[in-house]
Amino acid sequence: EAGVVQSPRYKIIEKKQPVAFWCNPISGHNTLYWYLQNLGQGPELLIRYENEEAVDDSQLPKDRFSAERLKGVDSTLKIQPAELGDSAVYLCASSPQGDGELFFGEGSRLTVL
Amino acid sequence: GEDVEQSLFLSVREGDSSVINCTYTDSSSTYLYWYKQEPGAGLQLLTYIFSNMDMKQDQRLTVLLNKKDKHLSLRIADTQTGDSAIYFCAESIVDFNKFYFGSGTKLNVKP
């Protein structure tokens, strides 16, 4: 069974440029999460989807961040415009509904210059 | 938000036991988890314990939960160099689709 797939693995951009990350969760997993992981820190939730509905986006900086999961399967996280402080790893995770175990992708490492 | 605290570093010799500690603040935690992160990779679930349990053993891993003190520990027996990684403690609160992670403990295993 394929795990959670994220792309790109690495992205380097200049500040004020846009960037997008893509995530394909494990087949059949209804719940999808985007987490932000700063260097030396644990993951912090940005947004959680149940199927195509964003059920928790309270920590998403909505002035520059957006996310979508149109058909309840894969998801895109966008930052526009990027700032220096956005340099971090963006992790996608999924779980079967009601299961409680998170399956993580390898992450997308963003460097903003 | 919920506060999950861990020490930053632990160094042990190969073959010794490692004990990684974690404290949390929310007494309504449903499950408590230990995740492992190797360099350049995502987090991988190692083990978890339900909040009404005191202990769980899984091969070389032993999880101890002291709910009164809100203290969780992970013991790795016969630690190997392949166990070198960052270990994250996490809790889920009531609605266990919400997870809160500690900052991670970097385990270094010396040959």
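Hydrogens, waters and symmetry mates play no part in the numbers below; they use all other heavy atoms, side chains included. By convention in this document, chain letters (A, B, ...) are assigned in the order of the sequence lines, proteins followed by strands, and residues within each chain are numbered from 1.
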Output the residues of residues 40-52 of chain B for which the shortest heavy-atom distance to chain A is under 4.5 Å, in residue-number order; output 'none' if no such residue exists. B:Gly40, B:Ala41, B:Gly42, B:Leu43, B:Leu45
Report, by ascending residue number, the residues of residues 53-90 of chain A in heavy-atom contact with chain B at a distance under 4.5 Å; give 'none' if the set is empty. A:Asp56
Under 4.5 Å from a heavy atom of chain A, the part of B:Gln37 involved: side chain
More than 12 heavy atoms of other groups within 6.0 Å of B:Lys110 NZ: yes
Please say yes or no: joined through hydrophobic side-chain contacts below 4.5 Å, possibly via intermediate residues, are B:Leu64 and B:Leu10 part of one cluster? no
Give me the contact list for residues 34-47 of chain A versus chain B, heavy atoms only, anything under 4.5 Å, ordered by residue number. A:Tyr35, A:Gln37, A:Gly40, A:Gln41, A:Gly42, A:Pro43
Toward chain B: residues of residues 104-113 of chain A with heavy atoms under 4.5 Å: A:Phe104, A:Gly105, A:Glu106
hydrophobic_cluster_shared for A:Val4 and A:Trp22, side chain cutoff 4.5 Å: no
Do A:Tyr49 and A:Ile26 share a hydrophobic cluster, counting only Ile, Leu, Val, Met, Phe, Trp and Tyr and linking them when any side-chain heavy atoms are less than 4.5 Å apart? no
Side-chain heavy atoms under 4.5 angstrom apart, residues restricted to Ile, Leu, Val, Met, Phe, Trp, Tyr: same cluster for B:Tyr87 and A:Leu91? yes
Considering residues, nucleotides and ligands other than B:Lys56, do more than 12 of their heavy atoms fall under 6.0 Å from its NZ? yes
For residues B:Leu107 and B:Leu61: do they belong to one hydrophobic cluster (side chain heavy atoms under 4.5 Å, members Ile, Leu, Val, Met, Phe, Trp, Tyr)? yes
Treating B:Tyr33 as the side-chain partner and A:Leu102 as the backbone partner, does any N or O pair qualify as donor plus acceptor under 3.5 Å? no
